[in-house]
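Report on one structure; see the data block that follows.
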Amino acid sequence: MDWSQMLQIFLFSLLCLTGSSKAVGELCKDYGREFERVFSVPGDAAMLTSTLLAPNVFNYDTVPYNISWYNPRTGRKLTSETGKTLVQGKTLWMFNIEMDDAGDYVCVVRTPFQCYKQATLLIVNQINPEECGRPQNEVEQVLTNTASAFLSCPLSDQIRKVDNYSIQWYKGCERIVEDDPLWDRFTYVSDGQKLLVAQVSPEDHGFYTCTMTFDLEGLSGRISETFVGMVKMEYCLVPKVVEPANKIIKADLGSSFSKMCRVFVLSVGGQCADLMWIARDDIIPENVSERVFQESQSEWSEEEMKGVWIERQLNFLAVEEEDFYIDYTCQVWSDRGYYSASFTLHPADPNYLLPIGVLLTSLVLMFTVSVVIYRRFKIDIVLSFRRMFPFLYTNTESDGKLYDAYVAYPHLSGSVASGEVEMFALHTLPQVLEGRCGYRLFILGRDSLPGEAVVDAVEESMWASRRLLLVYTGSTFCSGGQSDSSSDVLEAWKSFERQMAMHRALLEDSLKVVLVELEEITPTQLAFFPESVRHLRERQGAVCWWKSSRTRRTRGLRCGRWGEEEVKEKRGELASPSFSSPSLSSSSHFWKELRYYMPVRGKRTKCPEKNSLLNI
């Protein structure tokens, strides 16, 4: 401890010993009279508090000091007298106040080098029966009409200093009894420190008194405060922030964005609240030339809800990176307090919907186009695939079959068409399928052994074939026009050959039939077809030579009358059917379609796609 501190303690001790004998008029820095006056009535207590212990007066945390209270009228220092006064530092309690106690009371604070003084005025009012013996006070507290409101007891400072207490409320001269049905709208809250008034009405306007009975250091007293409860007809309740909702909002980089701050206030008349958008602790400007700005505040009344809507919009002309992960707060100022709500701007998630939609659309479009292309060019695609990837197909020579196809065609003697059909079956088909594509065909009469029974030859050859090429015309399945014995034999053979083929194709499902239609079939001719052939033709269709040949079609021919009647065509010329005029190129549509139905030859199949013709 240095000498300056020792000297300071010595002077302060001397001051404490001599302070009681000094007059109030000593030279101290005078702070005049305390602004707050204390009101009381005879018989009550009063609490006087000095405000000299303040940082603007001296540093009372480090500088030692001494406090004394004086009655300037007598010049006497006040002490804790039994039943009358109680000194607690900067607080002076007075009990059982009389009219003569009214006046100033001086608090003197002494330090080692200075002293300070300040007076506090005590006003003692005469007991007025009209005022129910309450102290006069001009303080007001506001009650909002139609709402529930709290009245606060003005004795909060006194409540904090007493040992124990009880509070009683009065309206005018009537005591407010909490359990009394007459006062059912009034409720004591927080040990009586607050009085809740439910559904305030204009008749609640008036004087309210809070009376506290207390004990302090063995002394008992009573202290009261009266104020005016003013019912305000124009009112604003607590604002309710509807938007924003303290959530994360996502926006696209570079896009425009706006967010509304929307507040609802139950109110009647008057300006209720002010809104303002804040970001990074700064108010967002209202200048519309800024990239981020807020619009002017707007409001309108809602008569049904008895309130007012208040709005202010925040706008982003173009969202930038620096705008993300920032809290944007809508601050609400009102006489009910300060309220706020905010949102945080985050970048939007990648939009996968558009690329997925484009992808799905593309896939559907590709699938549709592929189906259309496949249906249109199915034969070309399949044949090209067979030619480019022959190793994917099993060699058919291992299945035990000798022939790729059994050729069945009509044998019509004495007919112009008969020669054309035989020319097609015996020459045209072998030249292309055997000569160019390497297929092996069995043709009865050409490949059967001499003297072999027809029935045995047909049955054995069909068992040894992978396909059956059924060549027919419009008159193939007619029975008229054949009367000689040779024709009867041919007709019997033809019927057996056809029945055997249909039996194996439809019942045994061991032989695939390819229908080769040499001329266009009319409905009249189709009626003579066997049911099995019609069924097969409807199910899988036929390879039409006549579509590829583009020959002049004959019409109106009756079954069995080839060579006896001729048909007039569009030009009026006479013509007979011809089946040998079209191109023999294996790349023509007819031969492609026929090859499509023929068995796959695997690696040994070589059918060049050239447009050269073979001479018959």
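We number each residue from 1, following the sequence as shown.
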Requested in this report: Please name all residues satisfying salt bridge (charged side-chain N to carboxylate O under 4.0 Å, His left out) with Glu434, sequence neighbours left out, ordered by chain then number.
Outcome: Arg446
Query raised in the report: Mind checking what makes salt bridge (charged side-chain N to carboxylate O under 4.0 Å, His left out) contact with Glu593, not counting sequence neighbours?
Result: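 Salt bridge (charged side-chain N to carboxylate O under 4.0 Å, His left out) check on Glu593 returns nothing, list empty.
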Report task. Verify, without hydrogens or angle tests, whether Trp300 (side chain) and Trp309 (backbone) share a donor-acceptor contact under 3.5 angstrom. Result -> no
Query raised in the report: Ignoring hydrogens and geometry, is there a side-chain-to-backbone donor-acceptor pair from Tyr352 to Asp349 under 3.5 Å?
Result: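 Flag not set: sc Tyr352 to bb Asp349 has no pair under 3.5 Å.
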Salt bridge flag under 4.0 Å for residues [X] and [Y]:
X	Y	result
Asp380	Lys592	yes
Arg537	Glu517	yes
Asp404	Arg440	no

Report summary line: Residues passing the side chain to side chain donor-acceptor pair (under 3.5 Å) test with Thr344, sequence neighbours excluded, are Asp327
Query - Full working for side-chain contact (heavy atoms from CB on, under 4.5 Å) between Val514 and Leu468 - result: CA-CA 6 Å; Val514 180; Leu468 171 67; over 6 Å; no
**Report entry** Over 12 foreign heavy atoms within 6.0 Å of CE, Met366
**Finding:**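 Open: at most 12 neighbouring heavy atoms sit under 6.0 Å from CE of Met366.
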Query raised in the report: Got a sec: does the CD of Glu322 have more than 12 other heavy atoms crowding it under 6.0 Å?
Result: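 Count over threshold, so yes.
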**Report entry** Euclidean distance, Ile284 CD1 relative to Ile278 CD1, rounded to 0.5 Å
**Finding:**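 It comes to 8.5 Å.
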